[in-house]
Structure formats: C-alpha cells, structure tokens
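Not measured: the values here are computed from a predicted model.
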Amino acid sequence: QVQLVESGGGLVHPGGSLRLSCTASGRGLADHAIGWFRQAPGEEREGVSCIDARGRRTYYGGGVEGRFTISRDNMKNTVWLQMDSLEFDDTGVYYCALEPICMGSRIDPQPGYRYWGQGTQVTVSS
C-alpha cells in the first residue's frame with residue numbers, strides 16, 4: 001500500500017504563497033491519480049485539486065482555480081500544490097489522497113477511503 005506524506009504548510013498573510021508536497025513511501029505514486037483535499041475547522045473535507053497519473057489532466061475545485069496549480073514529477077515520487085494569492089478561506093489542514101474521483105470542479109475521495117495521512121496545516125492570517 002502506498003503511504004502518502006504531506007508537507008509544506010505554514011502561516012502566511014493573505015495574498016501570500018505556499019507550496020505543498022505530497023510524497024510516497026511504498027510502491028510509489030507513478031501509477032496513481034492524486035488529489036488534494038482540505039478541511040477547515042468545523043467543516044467537511046473538500047476536494048481542492050487532482051491530477052491524473054501522467055500529469056496530463058488537472059482539475060480544480062473549492063474556488064481555487066486560477067490561484068492553485070497542481071503538478072507532479074513521477075521520477076521524484078512527488079505531487080505539488082502551488083498555492084498563490086492565498087485567502088483567509090484557504091485555511092485548513094491539507095491532505096493528499098490516492099485515486100480521487102475527479103469530475104470537472106467536483107473532486108471526491110473514493111468511497112470509504114481510509115488512508116488519510118496527518119496532513120499539513122495551512123493558516124492564512126493577517
């Protein structure tokens with residue numbers, strides 16, 4: 001089983017940028033679509049972005065299109081989420097996940113997905 005580890009979160013002012021990383025132990029990421037999700041305090045987890053296994057198709061949800069960019073390098077076994085023009089509502093814990101269901105701006109985890117990692121905290125504050 002591929003185990004994912006998120007990193008790169010932090011505290012940033014509105015309008016600032018962060019770059020999150022999702023790396024894998026185990027079999028590696030190369031054969032898998034990867035999604036980024038976030039969960040704000042007291043809110044449900046929501047899909048933010050996903051990328052197919054070869055990096056040819058990307059999807060964005062949660063109002064981040066045009067501000068966030070997902071990319072991957074399968075040789076480095078890493079998927080990134082570049083987050084620019086950050087807003088207060090982007091605050092939350094960000095998670096990556098295997099094989100999300102990506103349809104337009106709707107991004108959902110597989111039903112019953114239970115391989116969530118620790119996530120990485122993103123805080124946008126003035």
Side-chain angles (χ1 to χ4, degrees):
Q1 177 64 42
V2 177
Q3 188 155 4
L4 304 180
V5 178
E6 305 89 350
S7 63
L11 173 64
V12 64
H13 294 307
S17 297
L18 285 171
R19 189 193 199 198
L20 306 184
S21 298
C22 174
T23 57
S25 60
R27 297 200 329 257
L29 294 176
D31 296 330
H32 300 282
I34 299 294
W36 281 99
F37 297 80
R38 67 185 177 192
Q39 188 166 21
E43 302 288 334
E44 296 287 321
R45 193 164 2 219
E46 68 169 342
V48 173
S49 184
C50 64
I51 188 166
D52 71 356
R54 297 293 175 257
R56 292 172 183 164
R57 287 187 291 184
T58 59
Y59 303 83
Y60 297 94
V64 307
E65 187 155 18
R67 300 188 297 118
F68 291 10
T69 304
I70 191 170
S71 61
R72 67 189 299 157
D73 185 334
N74 288 339
M75 295 296 290
K76 295 182 178 179
N77 218 27
T78 303
V79 174
W80 295 281
L81 185 69
Q82 177 68 39
M83 307 190 297
D84 299 315
S85 302
L86 282 160
E87 303 171 354
F88 293 119
D89 287 348
D90 295 319
T91 294
V93 181
Y94 283 68
Y95 304 87
C96 55
L98 293 169
E99 302 296 349
I101 300 170
C102 306
M103 297 180 64
S105 62
R106 176 157 184 167
I107 300 162
D108 294 304
Q110 289 288 338
Y113 187 82
R114 54 188 178 93
Y115 301 107
W116 300 103
Q118 295 295 313
T120 186
Q121 176 71 46
V122 172
T123 303
V124 184
S125 175
S126 56

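In terms of heavy-atom proximity, F88 sits nearest to S126 at CE2-N, 3.8 Å. Between L11 and S125, the shortest heavy-atom contact is CD1-CB, 3.9 Å. The two atoms that bring E87 and D90 nearest to each other are N-OD2, 2.7 Å, heavy atoms only. Of all heavy-atom pairs between D73 and M75, the closest is OD1-N, 3.0 Å. Minimum heavy-atom separation, A97 to F37: CB-CE1, 3.8 Å.
Panel note: side chain N74, backbone G28; no donor-acceptor pair is recorded below 3.5 Å. A donor-acceptor pair under 3.5 Å is formed between the side chain of T91 and the backbone N or O of V124. In this structure, the side chain of R72 does not engage the main chain of G55 through any donor-acceptor pair within 3.5 Å. Put simply, the side chain of R45 never gets that close to the backbone of P109: no donor and acceptor are under 3.5 Å apart. One N or O on the side chain of R54 and one on the backbone of A30 form a donor-acceptor pair closer than 3.5 Å.
No continuous path of hydrophobic side-chain contacts links V48 to I101 [ILVMFWY only; heavy atoms under 4.5 Å]. A chain of hydrophobic side-chain contacts below 4.5 Å, direct or via other Ile, Leu, Val, Met, Phe, Trp or Tyr residues, connects L98 to I51. W80 and V12 end up in different hydrophobic clusters when Ile, Leu, Val, Met, Phe, Trp and Tyr side chains are linked at under 4.5 Å. Residues I34 and Y115 fall within the same hydrophobic cluster, defined by Ile, Leu, Val, Met, Phe, Trp and Tyr side chains chained together at heavy-atom separations under 4.5 Å. By the criterion of side-chain heavy atoms lying less than 4.5 angstrom apart, applied directly or through intervening Ile, Leu, Val, Met, Phe, Trp or Tyr residues, W36 is grouped together with L86 in one hydrophobic cluster.
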>> Assess the residue pair D52 and Y59 against the criterion (side-chain contact (heavy atoms from CB on, under 4.5 Å)); give the C-alpha distance rounded to whole Å, side-chain angles, the decisive distance to 0.1 Å, and a yes or no.
In response: CA-CA 9 Å; D52 71 356; Y59 303 83; 5.8 Å; no
>> Evaluate H32 against L4 for side-chain contact (heavy atoms from CB on, under 4.5 Å), listing each step before the verdict.
In response: CA-CA 12 Å; H32 300 282; L4 304 180; over 6 Å; no
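The structure places CG of L20 at 12.5 Å from OG1 of T78, a figure rounded to the nearest 0.5 Å. The distance from atom CZ of R19 to atom CG of D84, rounded to the nearest 0.5 Å, is 11.0 Å. Here the SG-CD distance, from C50 to E99, works out to 10.0 Å after rounding to the nearest 0.5 Å. From D89, atom CG reaches atom CD of E43 across 9.0 Å, with rounding to the nearest 0.5 Å. Atom SG of C96 sits about 7.5 Å away from atom CG of L29, to the nearest 0.5 Å. Note that the OG1 atom of T69 and the CE atom of M83 stand 11.0 Å from one another [nearest 0.5 Å].
Atom CD of Q3 is surrounded by 12 or fewer heavy atoms from other residues, nucleotides or ligands within 6.0 Å. Within 6.0 Å of atom CD in Q110, more than 12 heavy atoms from other residues, nucleotides or ligands are found, so the atom counts as buried in its surroundings.
A donor atom on one side chain and an acceptor atom on the other are not found under 3.5 Å apart for T23 and N77.
The aromatic rings of F68 and Y94 sit tilted, their planes meeting at an angle between 30° and 60°.
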